[in-house]
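Protein chains get the first letters and strands the later ones, always in sequence-line order, with residue 1 at the start of each.
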Amino acid sequence: MTEHILIAIAWPYANASIHVGNITGSHLPGDIVARYHRLKGHHVLMVSGTDSHGTPVTLRADAEGKPVEEVYKRFHNEFIDLFQQAGISFDLFTTTHTENHFKVAQSVFLALLKNGYLYTKTTPQWYSPAAKRFLPDRYVEGTCYLCGYEGARSDQCDRCGNVLEPEKLLEPRSKADGSRPELRETEHYYLDLSKLEPDVAEFLRARQSYWRETVISQSLGQIESEGLQPRPITRDLDWGIPVPVEGWSGKCLYVWFEAVIGYLSAAIEWAKINGSPETWKNWWTEPEARAYYFIGKDNIFFHAAMWPAQLKGAGAQFLEFFAGQPGKPLNLPYDVPANQFMNLENKKISGSRNWAVWGLDFLTRYDPDALRYYLTINMPETRDTDWDWAEFVARNNNELVATWGNLANRVLSFAYKHWEGVVPDPGELRPADREILATVESGFQSVGNHLESVNLRAALGEAIRLASEVNKYLDTSAPWFEIKTDKTAAAKTIYTALRCIDSLKVLLAPVLPFTCQRLHDYLGYDQPLFGEQYVEEQTDSLGSHTTLRYRPIPAGPLWQPSQLAPGKALRPPGPLFKKLEESVAEEERSRLG
RNA sequence: UGCGGGGUGGAGCAGUGGCAGCUCGUCGGGCUCAUAACCCGAAGGUCCCAGGUCCGAAUCCUGGCCCCGCUACCA
């Protein structure tokens with residue numbers, strides 16, 4: 001049966017480049033699961049985009065003396081470049097700065113308003129007369145009214161560790177320009193999360209059995225101990241989505257509220273530019289559809305508690321405001337398999353200190369599948385992990401190159417050399433041949449189950465273990481010996497081994513799409529394993545924005561054991577991976593900091 | 001202070017009640033198809049410490065010690 005799978009990936013913020021921690025945290029795991037479901041023949045919709053709004057972007061633009069649009073677009077285009085090179089195969093990677101997203105976000109707001117989940121409240125906020133704007137709490141520094149520390153942020157003191165009431169800060173100054181802000185009254189909308197708390201708790205309890213422990217404890221656990229408090233969802237800002245209420249000009253939807261709505265608006269945009277504007281509903285309002293959200297641990301509460309509250313609160317009324325007619329309510333997340341963090345050489349990644357491995361920079365020196373392999377086998381699924389350059393080199397050489405790459409290469413070159421470039425005819429297979437085939441083919445269940453439940457390390461480990469089984473089989477059968485005395489026996493061995501690597505190619509393809517495609521070509525196939533990524537410009541009333549898209553191949557399940565036919569023509573093989581010098585570790589370490 | 005995550009052979013990790021496992025490294029052997037790759041074997045652990053529960057604990061309970069994160073625009 002064909003399923004609809006929504007792969008929702010965290011939206012990178014438009015004020016910093018993407019590093020390996022970001023990639024292993026959300027983009028790569030999402031892509032692996034998406035590719036797996038595509039191979040299964042399911043209908044996958046994988047979306048994300050650049051989170052373009054908010055104060056940090058405007059401050060950065062001010063600092064550079066450039067228009068804010070220019071700054072967000074620079075990062076947006078950089079993200080697209082990286083995702084294309086790394087094979088992060090979004091059906092649509094867009095941005096929050098689109099006419100469509102504005103309308104979708106405003107419709108969610110209006111639905112919540114109509115359903116009685118919003119209220120307004122007036123509070124004092126720090127206002128900068130110099131910059132003529134309100135400042136976010138963390139951009140106001142001053143003296144802590146509890147301990148007297150002079151470098152406290154208005155919402156939190158670094159020295160005494162207390163959470164502060166921003167308006168009580170002494171000697172306030174703007175972090176942007178040092179000027180002295182003043183308190184001004186301002187009115188904002190609040191999402192009454194306390195009203196939605198029972199719904200959110202029920203939603204989480206229903207999923208408790210299969211969600212990651214860390215995610216449950218940080219969402220359900222926190223709600224049970226502290227409850228859900230109302231939160232403001234608007235800000236005094238001009239770079240963002242206007243509040244769709246008369247008399248509220250100069251105020252925008254708060255980024256935490258608005259950006260997550262991108263998962264919905266991107267699906268809608270995708271359907272629209274595909275010329276089938278209603279199809280997004282297959283993923284969003286059909287209850288059997290499953291939505292997976294790939295995020296880092298810092299985002300757990302927003303995705304596992306707040307976003308479900310927004311969706312539940314908007315409910316069927318979303319369509320009333322968006323399309324002018326009522327419809328089904330929106331689907332809540334099926335799973336939020338959040339990852340922990342990846343450190344770098346035992347220290348926390350820090351962009352500003354250049355303690356980071358940047359995605360684009362990495363790909364100028366190494367291949368994308370080497371990156372994807374190391375990030376997957378070392379993915380922070382249950383705890384923080386560490387990127388260690390020496391380990392990267394060792395795993396690349398010992399596992400990727402030696403166990404898997406060498407297996408494919410030795411089988412292919414032997415076959416190509418001794419059977420004039422075609423798959424040998426094995427005749428009747430021997431018990432040992434059938435046994436190794438059964439072992440490898442069991443991977444479609446075992447590896448598949450791991451991918452299905454988003455245990456990607458385990459999935460990859462299992463696939464590599466199966467490759468190692470084939471190496472043992474080859475050693476036992478020794479076709480290089482058989483060929484001297486009994487070419488028929490060697491044909492059985494090599495045919496069997498070819499079928500094994502043909503199957504392993506599929507099992508590994510979600511993690512290693514580039515090299516598996518190469519192997520697929522060597523094995524003589526003409527149809528590709530996956531569709532292709534391409535860049536396309538979209539135009540709307542806000543101007544134009546670049547999108548990264550994916551052109552799928554005709555549907556049909558490829559996730560099944562090899563059916564390699566004897567006599568099939570092979571193509572001249574070559575090594576799939578590059579072995580790395582051990583000196584690489586030291587060279588790379590010297591780039592840090 | 002508080003909250004969270006950890007302490008398992010040289011390194012990195014898996015393992016939540018039943019003979020302690022994986023990858024790498026080390027040592028010895030085999031093979032020569034393959035990117036000096038592949039295969040076999042060996043050495044190496046009081047599973048942080050001390051109590052407790054249990055027929056039985058790395059795994060559960062109690063107490064203690066140590067490390068890391070939450071404190072910076074930074075996932």
NA contact type, Lys348(A), heavy-atom cut-off 4.0 Å: base, sugar-phosphate, or nothing?
-> sugar-phosphate
side-chain hydrogen bond (donor to acceptor under 3.5 Å, both in side chains) involving Glu399(A) - partner list, sequence neighbours excluded | Tyr373(A), Arg395(A)
Do His53(A) and Tyr254(A) have ring centres separated by under 6.0 Å?
-> no
Could you write out each protein N or O paired with an N or O of nucleotides 8-10 of chain B at a distance under 3.5 Å?
none

Complement of C70(B), any strand, by Watson-Crick or G-U distances under 3.5 angstrom | G2(B)
In whole angstrom, give me the gap between the C1' atoms of C39(B) and C33(B).
-> 13 Å
Would you list the protein and nucleotides 2-4 of chain B atom pairs, both N or O, that sit under 3.5 Å from each other?
none

Have a look at Gly351(A) and say if it touches a base, only the backbone sugar-phosphate, or nothing, with a 4.0 Å heavy-atom cut-off.
-> base
For U71(B) and C3(B), measure between their C1' atoms and round to the nearest Å.
-> 13 Å
Mind checking what makes ring-ring contact (aromatic ring centres under 6.0 Å, His included) contact with Tyr292(A), not counting sequence neighbours?
-> Tyr334(A)
To the nearest Å, how far apart are Met379(A) CE and U23(B) C1'?
-> 18 Å
Integer angstrom distance from the P of C13(B) to that of G7(B) | 9 Å
List in chain and number order the residues that pass side-chain hydrogen bond (donor to acceptor under 3.5 Å, both in side chains) with Glu345(A), two or more places apart in sequence or in another chain; answer none if no residue qualifies.
-> Arg589(A)
How far does the C1' atom of G25(B) sit from the matching atom of C66(B), given to the nearest Å?
-> 27 Å
Does any nucleotide pair with U53(B) by Watson-Crick or G-U wobble geometry, both distances under 3.5 Å, and what is it?
-> none
By side-chain hydrogen bond (donor to acceptor under 3.5 Å, both in side chains) - contacts of His450(A) (at least two apart) | none
Let me know the distance between NE2 of His19(A) and P of C73(B), rounded to the nearest Å.
-> 14 Å
Please output the side-chain donor-acceptor pairs of residues 465-472 of chain A that fall under 3.5 Å, not counting sequence neighbours, one pair per line with the distance.
{"unit_1": "Arg465(A)", "atom_1": "NE", "unit_2": "Glu462(A)", "atom_2": "OE1", "d": "3.2"}
{"unit_1": "Arg465(A)", "atom_1": "NH1", "unit_2": "Glu469(A)", "atom_2": "OE2", "d": "3.4"}
{"unit_1": "Arg465(A)", "atom_1": "NH2", "unit_2": "Glu462(A)", "atom_2": "OE2", "d": "3.4"}
{"unit_1": "Asn471(A)", "atom_1": "OD1", "unit_2": "Arg410(A)", "atom_2": "NH1", "d": "2.8"}
{"unit_1": "Asn471(A)", "atom_1": "ND2", "unit_2": "Thr403(A)", "atom_2": "O", "d": "3.1"}

Write down the distance separating the P atoms in U23(B) and A14(B), rounded off to the nearest Å.
-> 15 Å
Go ahead and name the base partner of U46(B); Watson-Crick or wobble counts if both distances stay under 3.5 Å, otherwise write none.
-> none
Pair assignment for C38(B), Watson-Crick or G-U wobble, requiring both distances under 3.5 Å = G30(B)
Rounded to whole angstrom, note down the C1' distance from G41(B) over to C31(B).
-> 15 Å
To the nearest Å, how far apart are Asp388(A) CG and C24(B) C1'?
-> 12 Å
Hey, are the side chains of Val584(A) and Tyr366(A) touching, using non-hydrogen atoms and a 4.5 Å cut-off?
-> yes
Can you name the ring-ring contact (aromatic ring centres under 6.0 Å, His included) partners of His76(A), sequence neighbours left out?
-> Phe93(A)
Among residues 493-500 of chain A, which residues get a heavy atom nearer than 4.0 Å to RNA chain B?
-> none
Check whether any side-chain heavy atom of Ile7(A) lies under 4.5 Å from a side-chain heavy atom of Phe294(A), and answer yes or no.
-> yes
Can you name the closest pair of heavy atoms from Gly30(A) and Ile9(A) and give their distance?
-> CA-CD1, 3.8 Å
How close or far is atom C1' of C67(B) from atom CG of Asp386(A), stated in whole angstroms?
-> 14 Å
Calculate the interatomic distance between Leu375(A) atom CG and G12(B) atom C1'; express it in whole Å.
-> 16 Å
With sugar-phosphate taken as primed atoms, P, OP1 and OP2 and all else as base, the protein-contact string of nucleotides 33-43 of chain B at under 4.0 Å (heavy atoms; B, S, -) is BBB-SBSS---
Atom C1', compared across C47(B) and G9(B): separation rounded to whole Å | 10 Å
Heavy-atom distance under 4.5 Å between the side chains of Glu391(A) and Asn378(A), does that happen here?
-> yes
For Ile377(A) and A14(B), what is the distance between atoms CD1 and P respectively, to the nearest whole Å?
-> 12 Å
Lys578(A), NZ atom: more than 12 neighbouring heavy atoms under 6.0 Å | no
Residue pair Phe79(A), His27(A): steps toward the ring pair (Phe, Tyr, Trp, His ring centres under 6.0 Å) verdict | CA-CA 11 Å; Phe79(A) 298 159; His27(A) 312 118; 8.1 Å; no
Integer-rounded Å distance: C22(B) P and Asn455(A) CG | 20 Å
Residues forming a side-chain hydrogen bond (donor to acceptor under 3.5 Å, both in side chains) with Tyr416(A), sequence neighbours excluded | none
Quickly work out the Leu460(A) CG to C13(B) P distance and round it to whole Å.
-> 17 Å
Same-atom distance (P) from C68(B) to U53(B), integer angstrom | 35 Å
Any pair with a residue in residues 479-488 of chain A that passes side chain to side chain donor-acceptor pair (under 3.5 Å), sequence neighbours left out, goes on the list, sorted by first then second residue, please.
-> Arg430(A)-Glu482(A), Glu482(A)-Thr493(A), Asp486(A)-Thr488(A)
Residue of the set Trp355(A), Phe392(A), Trp358(A), Phe341(A) for which ring pair (Phe, Tyr, Trp, His ring centres under 6.0 Å) holds with Trp387(A) | Phe392(A)
